[in-house]
Amino acid sequence: MKDNPNFFNDVYEVVRLVPHGKVTSYGAIANYLGVRRSARMVGWAMNGAPQDVPAHRVLNRNGLLTGKNAFSTPTLMQELLEKEGIQVKNDQVVNLKQHFWDPTTEIGL
DNA sequence: GGTCTGACTAAAT
DNA sequence: GATTTAGCCAGAC
């Protein structure tokens, strides 16, 4: 595309790899890409992520729906997560550890 | 073109 | 253990 840095592209790919009914964190993706400290960039990348990317499965390390405001509606994110079998309470994922999906652990070879 | 802020995280206080 | 500081980099003013 016009200007797709490898970093952003990698982020999109990893997020697309997130299985249905699972969630991950920006830091986990950043860590998988080797830029743990640049977790912010992952979030920023999501801001320009295509709809092919299930950004609603990406939360902060606390399991909080930080970027819900970036969706069509701030409630859409929670709706989607609940639809996938993930319980969300107070904009936060319940049993986060149970639904957490770490690419470094799952894909990490 | 310098400054501020932001879908974050970890370490320090 | 909760709050603050620092680090990262890119876009907006």
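As a basis for the values below, the full set of heavy atoms in this structure was taken, side chains included, without hydrogen atoms, waters or symmetry mates.
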Scan residues 49-66 of chain A for pairs that pass salt bridge (Lys or Arg N to Asp or Glu O under 4.0 Å), counting only residues two or more places apart or in two chains.
R57(A)-E84(A)
Does L96(A) sit in a hydrophobic cluster with other residues, and if so which ones, taking ILVMFWY side chains as linked at heavy-atom separations under 4.5 Å, directly or through other members?
V23(A), L59(A), L65(A), F71(A), L76(A), M77(A), L80(A), L81(A), I86(A), V88(A), V93(A), F100(A)
Among all residues two or more places apart in sequence or in another chain, which pass the side chain to side chain contact (heavy atoms under 4.5 Å, CB included) test with N90(A)?
none
Residues that D91(A) engages under side chain to side chain donor-acceptor pair (under 3.5 Å), provided they are two or more places apart:
K68(A)
How many whole angstroms separate atom CG of L64(A) from atom P of dT9(B)?
10 Å
Given the P atoms of dC4(B) and dT5(C), what is the spacing between them in whole Å?
15 Å
Per the under-4.0 Å heavy-atom filter, residues of residues 50-63 of chain A near DNA chain B come out as A55(A), N60(A), R61(A)
Picking from dA7(B), dT9(B), dG6(B), which would you name as closest to the side chain of A39(A)?
dT9(B)
Sorted by chain and number, sequence neighbours left out, salt bridge (Lys or Arg N to Asp or Glu O under 4.0 Å) with K22(A) holds for none
With heavy atoms of chain A within less than 4.0 Å as the criterion, where does contact along DNA chain C begin and end?
dG7(C) to dG11(C)
Sorted by chain and number, sequence neighbours left out, salt bridge (Lys or Arg N to Asp or Glu O under 4.0 Å) with E82(A) holds for none
Let me spell it out: for each of W44(A) and A28(A), pick the nucleotide of DNA chain B with the closest heavy atom. Which residue's pick is nearer the 5' end?
W44(A)
Tell me if a side-chain donor or acceptor on Y12(A) pairs with a main-chain N or O of A45(A) at a distance below 3.5 Å.
yes
Heavy atoms of S38(A) and A30(A) approach each other most closely as C-CB, 4.4 Å
Specify the residues of residues 68-100 of chain A, ordered by number, for which at least one heavy atom lies under 4.0 angstrom from an atom of DNA chain B.
A70(A), F71(A)
Side chain to side chain contact (heavy atoms under 4.5 Å, CB included) partners for E13(A), two or more places apart
N9(A), R16(A)
Who are the side chain to side chain contact (heavy atoms under 4.5 Å, CB included) partners of N31(A), not counting sequence neighbours?
R36(A), T104(A)
